Amino acid sequence: MPSEFVKEVADVFAKDGPLSKVTANYTPRPSQIEFATSVAEALEKGKTLVAEAGTGTGKTFAYLVPALLKDQKVLISTAGKTLQDQLFTKDIPALLKALGMGCRVALLKGRSNYICKQRLEHALQEDSYVAKSREEVVHLHRIKKFAGQSVTGERGDITDVPENSGIWPEVTSTGENCLGPNCDHYNDCFVMQAREKAKEAQLLVINHHLFLADISLKDNQITDFLPEFDLVVLDEAHQLTNIATNFFSQTLNLYDVRNLAADAVSQGYGVNKQIDWNGIYKTISNACDDLISTTHNILNTKDKQLAVAKFKDKHLLVEPFKKLLNAVEKLSNAVHVHKEASPEMTKLDERCTEALDLIEYWRDVFNGKAVSRSMKGPLLDWFTVKPKNIFFNTTPLSYAEMLKSAREVQGKPWVLTSATLAANGDFKHFIDQVGLEDAETKSWESPFDFKAQGMLYITEDLPTPSASNFSDEVAKRIWPFIKKNKGRAFVLCTTLRAMEVISEALR
């Protein structure tokens, strides 16, 4: 027999229930009701639920209704900003209106989504050297104007500065360059203000990266990053595994090495103009270029992922790594002498030490030496080669125990949901990856009649996605269908670049 709470949840989705009052042409969906009542049962039992629900099921309302009716603190984590914004600005307000409820709702994104007042001030200084073009100077002053007016400082609210503008890294912070309590703007920092609102929220919307960061910090006895919640919902859970792989990896990114040197230039001249900071930067930049070009030549490609264990010519990268190490050591020595000059120089000194540690590690890896990292479990060393960058990664082969431990310590129910979690109806692969062997699993088909209303077309002669002409070829293939359908098309791309190329080709 369903409990009174489960019945109450089901009634919300009834033909004459609260949702029908605010939704035109409302039609109850059995799969949505079953999903919602399953979440209600998980809440009552304190269990974890892994729920696969096809497109159109109505997953968002299905997990929100029981959470809100139970009057509990809810943490919702998504894979990206798009769903975060949709939940915060559209779905949650609509549901609260339907239920006639009030609720403190907060949205928290990663720190790079908020303007850093300290770095903005520095970027505006005449001798900061951060703007590399007139266009970036214009963008910088638009950001200055926005920051003076905005309550949240969220960069997504600025419509006249492109997402890919080169000025953004100069006016936002990262975990590496944030000064924390030593910052002059710590008390009026946009990031800290967002985190304070998050602590007060009854319903908090974050992303998987922040969720994993909270797990990692709690594992290191730091407990005040996110507050405790009665229910954790991981939406777009199919992306959790890839995001966790990247998050728990330790990465040496040559772009970050250049950025470290650039920050040293902009800070260094204000401390000691006698040091040739620009010369040091050029030496580091040249060493990065040398490492990239050497790797390209050895692999005969500019786009590849490769495990170090399968790289026969790894010894050929030892010398380029030594050159990079020597260049960064010179920077580190120059910074270290002046580390007490300012909070920025103190932070730069720490970043130099971390960079040297990573570069030494990878020099030894390619030299065939046995080295170890302070990471749990078996590790895999691998690298990704791009035309202008290389990412060197050390990745745990499994993070299931970390997630399992986090859930057990928290002792609260989790709901993991997506349209694609099972393989041929079997959840085992996903369950093993996330360490939730005791979770209940359920699946519902999409309410859409795809067989009657849709057509699947698979082309067999497209170039690989990494090919330079891939996006152009995609546009050629889909154009006849768009013409036949008189527009009315949604083209879903995996990268911003692909979206731009395909949209331009279609125009």
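Sequence positions, counted from 1, serve as the residue numbers for this chain. Remember, it's a predicted structure, so these values are computed and weren't measured experimentally.
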K.L.:
Quick test of your reading of the model: are R119 and D263 salt-bridged, counting only N-O distances below 4.0 Å?
P.N.:
yes
K.L.:
What's the spacing between D432 CG and T241 OG1 if we round to 0.5 Å?
P.N.:
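Result: 12.5 Å between the selected atoms.
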K.L.:
Does the side chain of V50 come within less than 4.5 Å of I431's, by heavy atoms?
P.N.:
yes
K.L.:
Donor-acceptor pairs under 3.5 angstrom involving side-chain atoms of residues 499-507: please list them, not counting sequence neighbours.
P.N.:
| residue | atom | partner | partner atom | Å |
| --- | --- | --- | --- | --- |
| S503 | OG | M499 | O | 2.8 |
| S503 | OG | E500 | O | 3.0 |
| E504 | OE1 | R507 | NH1 | 3.2 |

K.L.:
Quick one: CZ on F88 to CD1 on I206, what's the gap to the nearest 0.5 Å?
P.N.:
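Output value for this atom pair is 14.0 Å.
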K.L.:
Taking T301 for the side chain and K304 for the main chain, is one N or O donor matched with an acceptor at less than 3.5 Å?
P.N.:
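A pair under 3.5 Å: no.
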K.L.:
Short question: side chain of S31, backbone of T57 - any donor-acceptor pair under 3.5 Å?
P.N.:
no
K.L.:
Using the test ring pair (Phe, Tyr, Trp, His ring centres under 6.0 Å), find all partners of F247 that sit at least two apart in sequence or belong to another chain.
P.N.:
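Partners of F247 under the ring pair (Phe, Tyr, Trp, His ring centres under 6.0 Å) test: H209.
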K.L.:
Is it the case that more than 12 heavy atoms not belonging to K145 sit under 6.0 Å from its NZ atom?
P.N.:
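No, the 6.0 Å shell around NZ holds no more than 12 heavy atoms from other groups.
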K.L.:
So, using side chain to side chain contact (heavy atoms under 4.5 Å, CB included) as the criterion, who are the partners of S20 when residues are at least two apart?
P.N.:
Y26
K.L.:
Under the salt bridge (charged side-chain N to carboxylate O under 4.0 Å, His left out) test, which residues partner D303, sequence neighbours left out?
P.N.:
K386
K.L.:
Could you tell me whether F383 and F391 have their ring centroids closer than 6.0 angstrom?
P.N.:
no
K.L.:
For K70, look at atom NZ and say whether over 12 heavy atoms of other residues, nucleotides or ligands are found less than 6.0 Å away.
P.N.:
yes
K.L.:
Taking only residues two or more places apart in sequence, or in another chain, which ones meet D188 in a salt bridge (charged side-chain N to carboxylate O under 4.0 Å, His left out)?
P.N.:
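Applying salt bridge (charged side-chain N to carboxylate O under 4.0 Å, His left out) to D188 gives K117.
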K.L.:
Can you check side-chain contact (heavy atoms from CB on, under 4.5 Å) on W479 and I482, steps first, answer last?
P.N.:
CA-CA 5 Å; W479 174 240; I482 292 175; 4.1 Å; yes
K.L.:
Regarding N253 and N389, do their side chains bring together a donor and an acceptor under 3.5 Å, going by distance alone?
P.N.:
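There is such a pair between these side chains.
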K.L.:
Among residues at least two apart in sequence or on other chains, which ones pass ring pair (Phe, Tyr, Trp, His ring centres under 6.0 Å) with F5?
P.N.:
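Expected list: none.
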K.L.:
Go through E344 and H122 one step at a time and tell me if the side-chain hydrogen bond (donor to acceptor under 3.5 Å, both in side chains) criterion holds.
P.N.:
CA-CA 10 Å; E344 288 86 354; H122 182 73; over 6 Å; no
K.L.:
So which pairs with a foot in residues 79-88 pass salt bridge (charged side-chain N to carboxylate O under 4.0 Å, His left out), sequence neighbours left out?
P.N.:
K81-E163, D85-K109
K.L.:
Within the supplied structure, the quantity of interest is the number of heavy atoms (other residues, nucleotides, ligands) at a distance under 6.0 Å from Q149 CD; does it exceed 12?
P.N.:
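Yes, the 6.0 Å shell around CD holds more than 12 heavy atoms from other groups.
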K.L.:
Can you list everything that forms a salt bridge (charged side-chain N to carboxylate O under 4.0 Å, His left out) with E196? Sequence neighbours excluded, please.
P.N.:
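If we apply the salt bridge (charged side-chain N to carboxylate O under 4.0 Å, His left out) test to E196, skipping adjacent residues, the hits are K199.
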K.L.:
Sequence neighbours left out, what passes salt bridge (charged side-chain N to carboxylate O under 4.0 Å, His left out) with D235? Give chain and number order.
P.N.:
none
K.L.:
Please check: side-chain N/O of S133 versus main-chain N/O of E136, any donor-acceptor pairing under 3.5 Å?
P.N.:
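At least one qualifying donor-acceptor pair exists.
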K.L.:
Determine whether Y255 and C288 satisfy the following criterion, side-chain contact (heavy atoms from CB on, under 4.5 Å), listing intermediate values before the conclusion.
P.N.:
CA-CA 9 Å; Y255 172 82; C288 289; over 6 Å; no
K.L.:
So, using ring pair (Phe, Tyr, Trp, His ring centres under 6.0 Å) as the criterion, who are the partners of W382 when residues are at least two apart?
P.N.:
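With neighbours one apart ignored, the set is empty.
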K.L.:
Tell me every residue that passes ring pair (Phe, Tyr, Trp, His ring centres under 6.0 Å) with F13, counting only those two or more places apart in sequence or in another chain.
P.N.:
none
K.L.:
Taking the side chain as C-beta and beyond, is there a heavy-atom pair between L203 and R104 under 4.5 Å?
P.N.:
no
K.L.:
Using the side-chain contact (heavy atoms from CB on, under 4.5 Å) rule, take T172 and R111 through it: C-alpha gap first, then chi angles, then the decisive distance, then the call.
P.N.:
CA-CA 7 Å; T172 55; R111 66 171 66 249; over 6 Å; no
K.L.:
As an exercise, state the distance from CG of L120 to CD of E170, rounded to the nearest 0.5 Å.
P.N.:
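Separation between the atoms: 11.5 Å.
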K.L.:
Is the count of non-hydrogen atoms from other residues, nucleotides or ligands lying under 6.0 Å from N25 atom CG greater than 12?
P.N.:
no
K.L.:
Could you tell me whether R477 and D472 have a side-chain N and a carboxylate O separated by less than 4.0 Å?
P.N.:
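No, no charged N to carboxylate O under 4.0 Å.
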K.L.:
When you check the gap from the basic side-chain N to the acidic O, do R351 and E354 get nearer than 4.0 Å?
P.N.:
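No, R351 and E354 are not salt-bridged.
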K.L.:
With L95 as reference, evaluate T60, L19, L87 under the side chain to side chain contact (heavy atoms under 4.5 Å, CB included) test and give the passing residue.
P.N.:
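Among T60, L19, L87, the one meeting side chain to side chain contact (heavy atoms under 4.5 Å, CB included) with L95 is L19.
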K.L.:
Quick check: does any side chain N or O of K73 sit under 3.5 Å from a backbone N or O of P227, one acting as donor and the other as acceptor?
P.N.:
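No, the answer is negative, given that no donor and acceptor are paired below the 3.5 Å cut-off.
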K.L.:
Can you check whether K404's main-chain N or O pairs, donor with acceptor, with R407's side chain at less than 3.5 Å?
P.N.:
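Absent.
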K.L.:
Could you give me the CA-CA distance, side-chain angles and deciding distance for V74 and D230, then say whether side-chain contact (heavy atoms from CB on, under 4.5 Å) is met?
P.N.:
CA-CA 6 Å; V74 185; D230 300 306; over 6 Å; no
K.L.:
Quick one: do the Q202 and D71 side chains pair a donor with an acceptor below 3.5 Å?
P.N.:
yes
K.L.:
Enter the distance from L49:CG to S38:OG here, rounded to the nearest 0.5 Å.
P.N.:
6.0 Å
K.L.:
Taking atom CZ of F248 and atom OG of S216, what is their separation to the nearest 0.5 Å?
P.N.:
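Answer for the CZ-OG pair, F248 versus S216, is 6.0 Å.
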K.L.:
Give a yes or no on whether the backbone of A67 and the side-chain of Q72 come within a donor-acceptor separation of less than 3.5 Å.
P.N.:
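Here the side-chain-to-backbone pair does not exist.
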K.L.:
Determine whether a donor-acceptor pair (N or O, by modelled atom type, separation under 3.5 Å) exists between the side chain of S150 and the backbone of F146.
P.N.:
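Here the side-chain-to-backbone pair does not exist.
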K.L.:
In terms of side-chain geometry, is the basic nitrogen of E440 or K442 positioned less than 4.0 Å from the acidic oxygen of its partner?
P.N.:
yes
K.L.:
Ignoring hydrogens and angles, write down the donor-acceptor pairs under 3.5 Å from the side chains of residues 416-425, residues two or more places apart or on other chains.
P.N.:
| residue | atom | partner | partner atom | Å |
| --- | --- | --- | --- | --- |
| T417 | OG1 | A51 | O | 3.0 |
| S418 | OG | H238 | ND1 | 2.8 |
| S418 | OG | T420 | N | 3.1 |

K.L.:
Measure the acute angle between the ring planes of Y457 and F481, then classify it against the limits of 30° and 60° as parallel, tilted or perpendicular.
P.N.:
tilted
K.L.:
Determine whether the aromatic ring centres of W414 and F229 lie less than 6.0 Å apart.
P.N.:
no
K.L.:
Would W444 and E52 count as a side-chain hydrogen bond (donor to acceptor under 3.5 Å, both in side chains) if you check the C-alpha gap in whole Å, the side-chain angles of each, and the deciding distance to 0.1 Å?
P.N.:
CA-CA 6 Å; W444 296 275; E52 180 180 78; over 6 Å; no
K.L.:
Can you tell me how far the CD atom of E236 sits from the CD atom of Q84, to the nearest 0.5 Å?
P.N.:
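These two atoms lie 9.5 Å from each other.
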K.L.:
Tell me yes or no: between the side chains of E154 and N113, is some donor less than 3.5 Å from an acceptor?
P.N.:
no
K.L.:
Checking side-chain hydrogen bond (donor to acceptor under 3.5 Å, both in side chains) for the pair N393/T251: CA distance, chi angles, key distance, verdict?
P.N.:
CA-CA 5 Å; N393 310 285; T251 301; 2.9 Å; yes
K.L.:
Has the side chain of T37 got a donor or acceptor atom that lies under 3.5 Å from a matching backbone atom of I33?
P.N.:
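Checking the backbone N and O of I33 against the side chain of T37, a donor-acceptor pair under 3.5 Å is found.
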